Undergrad: 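I'd like to ask some things about the structure below.
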Amino acid sequence: MAKIIGGIGTSHVPAIGAAIDHGKEAEPYWQPFFKGIQPARDWMEKAKPDVCIIIYNDHASAFSLESISTFSIGVAPEFQPADEGYGPRKVPVVKGSSEFATHIAESLILDEFDMTICNKMPVDHGLTVPLSIAYDQPEEWPCEVIPLCVNVIQYPQPTANRCYNLGKALRKAIDSFDKDITVVIFGTGGMSHQLQGERAGLVNRDFDTEFLDKLTKSPKDLTKLSHTEYLRESGSEGIEMIMWLIMRGAMDDELDEIYRFYHVPVSNTGYGLLILENKQ
Ligand code: DHB
Ligand code: FE
């Protein structure tokens, strides 16, 4: 049986990928950040999951306004890093997990979550930056990856509650896969940030801290927040945080927070990192 060995929440700020790609980790701006994420790299090195399921959002790289899918899952054997305007990041091709992903797609759809199935999907910073945070710059990514993509960039987004319930259905799908593999689930995006308009540069440390506290201890409180509340408190792009609730929904109700790191600023955002483990 497939087994979840942990959940990771992390922002996916593109500047982090650029800092790694250009060897800037030791610069004064970046040094505290990379020190703060090292425990996650150490944890991943020990955990060595066979598969990472990465809940992320595409930023108009694979999808455009021509077609907006609420939830998509990548079932291909591989996913190419997307060209986001400066050429694709020079990171390894992302290896898929076709059989497992197809099982998850079937289980979710029969559970009444209408997934879009993607046989070809370039993956942008929303997915490759979390991989770089977890694994630095290997020749090959050491795990297979299932991309699970959520529309958070174009209204109407799914509700926080819908995301949490998708996580519960994802857990059922993982538990019913008949192969002995280990899985880490990533919820990515956020934390508070607004990249445009009058409030550009908004960071709300208090909201982010409360979000991290509640994600661990009382995630249902976060499912009750409306889009307007997320937008008001965490900025227009802070709503990406609803994706962390998919990861949380897939974990046990009671769990342990193994590590937390919060750092401001990373680019124009509040950066957050959580490592969660089920109790047994
Ligand atoms: C930026 C972009 C993102 O997609 C994000 O989640 C955070 C920050 C940026 O352009 O700085
Ligand atoms: Fe983003």
Side-chain angles (χ1 to χ4, degrees), residues 8-22 24-25 27 29-30 33-34 36-37 40 54-65 68-72 74 79 81-89 91 94 121-134 145 147-155 157-158 160 163 186-205 207-208 211-212 215 227 230-231 233-247 261-274:
I8 293 188
T10 174
S11 315
H12 60 216
V13 184
I16 299 168
I20 295 168
D21 297 347
H22 298 105
K24 292 180 185 291
E25 292 98 320
E27 291 188 1
Y29 180 88
W30 286 108
F33 170 79
F34 283 101
I37 65 162
I54 303 188
I55 322 292
Y56 77 109
N57 69 287
D58 177 74
H59 302 73
S61 304
F63 301 107
S64 69
L65 294 182
I68 300 161
S69 170
T70 302
F71 297 120
S72 315
F79 304 92
D83 183 348
E84 299 182 58
Y86 303 93
R89 283 188 71 203
V91 291
V94 175
M121 179 163 68
V123 285
D124 72 11
H125 69 270
L127 184 134
T128 62
V129 167
L131 280 175
S132 299
I133 288 168
V145 173
L148 199 159
C149 181
V150 182
N151 167 42
V152 290
I153 64 168
Q154 179 66 22
Y155 189 81
Q157 296 94 342
C163 288
F186 285 64
T188 78
M191 296 189 78
S192 56
H193 66 295
Q194 172 146 343
L195 302 174
Q196 60 203 304
E198 277 177 29
R199 298 201 304 160
L202 174 143
V203 170
N204 185 345
R205 179 187 284 269
F207 180 82
D208 289 344
F211 183 91
L212 294 171
L215 196 84
H227 288 142
Y230 275 102
L231 290 171
E233 297 302 324
S234 68
S236 53
E237 279 77 34
I239 197 165
E240 289 180 341
M241 275 190 271
I242 62 173
M243 295 185 289
W244 293 42
L245 284 164
I246 301 177
M247 175 273 283
F261 173 57
Y262 184 75
H263 183 72
V264 176
V266 173
S267 180
N268 289 317
T269 76
Y271 174 85
L273 172 67
L274 268 190

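Remember, it's 1-based here, ligands and their atoms both numbered in the order they're listed. Scope of the values below: all heavy atoms of this structure, side chains included, with no hydrogens, waters or symmetry mates. Since the structure is predicted, the reported quantities are computational estimates derived from the model, not experimental observations.
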Undergrad: Which atoms form the tightest heavy-atom contact between Ile68 and Gln154, and what is the distance?
TA: CD1-CG, 3.5 Å
Undergrad: Looking only at N, O or S atoms in Glu240, which is nearest to the Fe ion (ligand 2)?
TA: OE2
Undergrad: Would you give the angle at the Fe ion (ligand 2) between His59 atom NE2 and His12 atom NE2, to the nearest 10°?
TA: 100°
Undergrad: Could you tell me which non-hydrogen atom of Asn204 sits nearest to which non-hydrogen atom of Glu233, and how far apart they are?
TA: ND2-O, 2.9 Å
Undergrad: If I compare all heavy atoms of Ser192 with all of Met241, which pair ends up nearest, and what's the gap?
TA: N-CE, 3.9 Å
Undergrad: Looking at every heavy atom in both Trp244 and Gly272, which two are closest together, and how far apart are they?
TA: CH2-O, 3.7 Å
Undergrad: What heavy-atom pair brings Glu240 and Val152 nearest, and what distance separates the two atoms?
TA: CG-CG2, 3.8 Å
Undergrad: Provide, line by line, the atom pairs where ligand 1 and the protein bring an N/O atom each to a distance under 3.5 Å; else say none.
TA:
{"from": "ligand 1", "atom 1": "4 (O)", "to": "His59", "atom 2": "NE2", "distance (Å)": "2.7"}
{"from": "ligand 1", "atom 1": "4 (O)", "to": "His125", "atom 2": "NE2", "distance (Å)": "2.8"}
{"from": "ligand 1", "atom 1": "6 (O)", "to": "His12", "atom 2": "NE2", "distance (Å)": "2.9"}
{"from": "ligand 1", "atom 1": "6 (O)", "to": "His193", "atom 2": "NE2", "distance (Å)": "3.2"}
{"from": "ligand 1", "atom 1": "6 (O)", "to": "Glu240", "atom 2": "OE1", "distance (Å)": "2.8"}
{"from": "ligand 1", "atom 1": "6 (O)", "to": "Glu240", "atom 2": "OE2", "distance (Å)": "3.4"}
{"from": "ligand 1", "atom 1": "11 (O)", "to": "Ser267", "atom 2": "OG", "distance (Å)": "2.9"}

Undergrad: Under 3.5 Å, side chain of His12 to main-chain N/O of Thr10, donor-acceptor pair present?
TA: no
Undergrad: Would the distance check show the side chain of His227 and the main-chain N or O of Ala160 forming a donor-acceptor pair, the cut-off being under 3.5 Å?
TA: no
